[in-house]
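Every value quoted in this text rests on a predicted model; they were computed, and no experiment measured them. In what follows, chains are A, B, ... by sequence order, proteins preceding strands, each numbered from 1.
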Amino acid sequence: MEMETEVSGEKEKKQIVVLLIGPPGSGKSTFCDSVMKSPHRPWSRICQDIINNGKAGSKSQCLKMAIESLKEGKSVFIDRCNLDKEQRSEFVKLGGPQVEVHAVVLELPAQVCISRSVKRSGHEGNLQGGRAAAVVNKMLRSKELPKVNEGFSRILFCYNDADVENAVKTYSMLGPPTRIMNFFKKVSAVPASSSNEATNDATTPKANEKTEIVRVSPSKKLGSVVPTLAFPSISTADFQFDIDKASDIIILSLVKAKASRKNIDSGRFFTFVGDITKLHSQGGLHCNVLANAANWRLKPGGGGVNAAIFKAAGPDLEAATRARANTLLPGKAVVVPLPSTCPLHNAEGITHVIHVLGPNMNPNRPNYLNNDYTKGCKILREAYTSLFEGFLSTVQDQSKLPKRINQATMSDSGAEDSERNKKYKGLQDKARTNNLESGSVDDAGDSGKKMSKGWSSWALALHIIAMHPEKHENVVLESSDNIVVINDQYPKARKHVLVLARQESVDGLEDVGSANIQLLEEMHDVGMKWIKRFQDEDASLIFRLGYHSVPSMRQLHLHVISQDFESDHLKNKKHWNSFTTSFFRDSVDVLEEVKSQGKANVESEAVLKGELRCNRCRSVHPNIPKLKSHIRTCPSQFPHHLLQNSRLLARPESSN
DNA sequence: GTTCTAGAAC
DNA sequence: GTTCTAGAAC
C-alpha cells in the first residue's frame with residue numbers, strides 16, 4: 001500500500017489492483033463506490049457486468065481495461081465475482097514492482113446476498129428477482145477462498161457490515177503519507193484503529209508493550225510481496241527488562257545488522273502503534289512475519305504480545321510451534337511457518353511467526369538474571385540477532401532449514417550451544433545460496449507429517465485411547481469416567497502400565513494446574529492399586545509412580561513402572577534417563593507441588609542427554625548394554641531421596 | 001571386524 | 001514413541 005511503501009522509504013507509490021471476491025449481492029459494487037468517494041487516490045472500477053457498452057462483457061475485456069487503467073496511473077477494482085483461483089489468476093498477474101494485488105473477500109451470509117439480489121431492481125447485470133437465489137447458491141458451492149500463495153500481497157476478509165465499513169475506510173484512507181517515527185520511542189497508547197502515527201509522549205512502557213511495533217523491510221523484493229517483519233519490544237514487559245537499556249540494544253543490533261547484512265536497510269524501520277495481530281485489518285500494514293515475545297515453554301498465555309498472538313493464531317500456531325521446538329533459550333529465536341488454514345494467515349497475511357526469548361529480569365520467572373545487565377544486554381542483543389537471522393531465513397529458502405530446531409534445554413551449556421548454532425548457521429548459509437521464492441505457503445508443509453494439534457500421528461495414540469476407551473477394549477485394562485489404564489506398548493521394565501487422564505487438553509505435566517488436583521489424586525490412587533495387584537503376584541517388585549517432565553505422547557499419563565528395568569524395549573539413553581533422572585517426576589511430588597504452588601515443576605529435556613547412572617548406586621556406565629548388565633546385579637540400596645515420602649513403593653518384607 | 005549411538009524417517 | 005542405519009567408538 002501507499003502508506004507502507006512510503007514509510008519504508010521507497011520513492012514509488014504503488015498502484016493497487018483490488019479483486020473483490022463475493023457472490024452477487026455481497027456488496028462488491030457498493031464497496032467500490034464507497035471507496036471511490038474518497039478523493040485521495042484515483043480509482044477505476046472495472047465491472048464485468050457493464051464493461052461491454054453497458055452490457056455484460058468478458059474476463060479478457062476486464063483485463064484489458066485494467067491494464068489501461070494501470071497505465072493511466074490509476075488503481076483498479078476488479079468488480080466481478082472472482083470466486084475461484086482460476087478466475088482470479090490472470091488478474092493476480094497484473095502485480096509487479098509498481099503494482100500490488102489485493103483481495104477483498106466479502107464473506108457475508110448467503111442469506112444476505114440472496115435477499116439483496118432478489119430485492120434489488122435495476123441491477124447492472126440484470127440479476128435480480130427469483131433467478132438470483134439459484135445463481136448465488138450455485139456460485140457459493142464452487143467458491144474457493146483466496147490464499148496468499150496465489151500471489152496476493154494482501155487479503156482482507158469481511159464477514160459483516162462492520163468489517164466492510166472498516167475495509168472501506170482502510171482503502172479510502174490510502175494516500176496520506178505516514179510519518180516515519182523515531183526509532184523505538186516510548187509512545188503513548190493510541191487506539192489502534194484511529195491512527196498509524198505514534199506520538200512522542202513518554203509514558204509507562206508497560207501500557208504500550210502490546211502495541212509498540214517495529215517494522216523491517218529488506219530491500220530485496222520478491223515478486224510484489226515485500227517481506228516485512230513486525231516485532232514487539234522483547235523482554236521489557238513480562239521480563240521486566242529496563243526499557244532504556246533495551247532501546248540502546250536494539251539500535252546497536254540494527255546498526256550491526258545493517259553493517260553485516262547488505263539486504264537489511266535500517267532506513268526501513270519504523271514504529272507502529274496498534275495491535276500486532278491486526279496490523280493489516282486495523283493498521284493497513286502488510287507484514288508477513290510476526291515476531292513474538294515468547295515464553296520459554298513456547299506456550300500460549302501469559303500477558304501481552306504472546307497471549308495476543310497465540311489467541312489470534314489459534315491452535316494452528318501451537319501445533320506448528322510444537323513441530324519445531326518445545327522450549328526456547330533466552331537469546332534464541334525459532335521460526336514457525338503458519339499453516340494457510342490459520343486465521344492470522346488468511347486475514348492478516350502472516351506467513352511466519354518467529355518466537356523470541358529475551359533475558360529475564362523478573363524474579364518470578366525462570367532464568368532470572370538478578371539485575372545482571374551485563375549478561376542481560378548480551379542475551380538481549382543475541383535475541384534480536386536471532387530474530388533477524390530468523391526473519392532472513394524466511395526471505396531465503398525455508399525448505400533447506402532444519403525441520404526442527406531443538407532448543408529444548410535451559411542449561412548454560414555454552415559448548416553445546418555454539419555447536420548447535422554452527423550447525424544452524426551452516427544450513428542457513430547453504431540456504432542463502434539457493435535463490436528460491438520466499439514465504440511461499442507450501443514451504444510450511446513439512447514432509448507429509450500431519451499435525452492436527454502439534455503432535456505427530458504416532459504421538460496421538462494415548463489420546464485416542466483416552467478419548468474412546470470403548471473402541472480399544474483389547475488394550476484397556478481398566479477405565480472410568482476420568483482415567484484409562486493400559487499396558488505400555490513398549491514396557492521398559494517387567495511391569496509398566498500407564499494411567500491416562502481422560503480429560504481433553506491436559507496433554508502433559510505442563511498443562512496441569514490446581515483445577516486438576518482431583519484428577520491427579522485419582523490417577524495416583526489407581527496407580528497404587530495396580531502396584532498392589534502386581535506386588536500381590538510378586539512381592540519382590542519395587543515401583544515408582546510418576547510423570548515425564550515433557551511427554552513424547554499427547555495426553556497426561558502416569559507411569560507405573562517396576563524398578564528392575566528388565567526389558568528389551570529399554571534401548572537408549574533417553575529411555576533410561578527419562579525414568580531415572582529428575583526428568584521423572586514422582587506422583588507424590590507432583591501432587592504436593594500442584595497443591596502448594598498451583599503447578600508442577602518440570603525438568604528440562606537436557607537431562608535426558610546426561611550420563612548413564614545406575615538407579616541404585618549411581619555409578620556411571622559407558623553404554624546401555626554395560627549399564628543393563630550392571631543393574632541386573634547391583635546390590636546397593638536405592639538413593640536416600642527415593643526412600644522418602646513413599647516415592648519408592650516396595651513391600652516391607654522385601655527390603656530392596 | 002563388531003558394538004553402539006544418534007539422527008532421520010516414520 | 002519406534003525403526004532403520006550410517007558411522008563413531010571400540
Using a cut-off of strictly less than 4.0 Å, decide whether A:K571 has a side-chain nitrogen or oxygen near OP1 or OP2 of C:dT3.
-> yes
Nearest whole angstrom, please: distance from the P of C:dT2 to the CG of A:D568.
-> 13 Å
Roughly, in whole Å, what's the span from CD in A:Q489 to P in B:dC10?
-> 20 Å
Determine whether A:F638 and A:I542 make a side-chain contact, defined as any pair of heavy atoms from C-beta on separated by less than 4.5 Å.
-> yes
Parallel, tilted or perpendicular: rings of A:F579 and A:H559 (30°, 60°) | perpendicular
A:M553 CE to C:dT2 P, in whole Å, measures 9 Å
Parallel, tilted or perpendicular: ring planes of A:F534 versus A:F543, cut at 30 and 60 degrees = parallel
Select base, sugar-phosphate, or nothing to describe what A:L462 touches, counting heavy atoms under 4.0 Å on all strands.
-> nothing
When rounded to whole Å, the CG to P distance for the pair A:L570 and B:dC4 reads 14 Å
Rounded to the Å, how far apart are A:N572 CG and B:dC4 P?
-> 14 Å
Measure from the side chain of A:W458, starting at C-beta and using heavy atoms only, and say which of B:dT5, B:dC10, C:dT2 lies closest.
-> B:dC10
Flag side-chain contact, heavy atom, 4.5 Å: A:H355 against A:V336 = yes
Could you give the CG-to-C1' distance, from A:L612 to B:dA6, as a whole number of Å?
-> 13 Å
What is the distance from CG of A:L460 to P of B:dC10, rounded to the nearest Å?
-> 18 Å
Quick note, A:H575 side chain, CB onward, closest among C:dT3, B:dT5, C:dT2 is C:dT2
Looking for any heavy atom pair under 4.0 Å, which part of the strands does A:K492 touch: base, sugar-phosphate only, or nothing?
-> sugar-phosphate
Using whole Å, report how far CD of A:E605 lies from C1' of B:dG7.
-> 15 Å
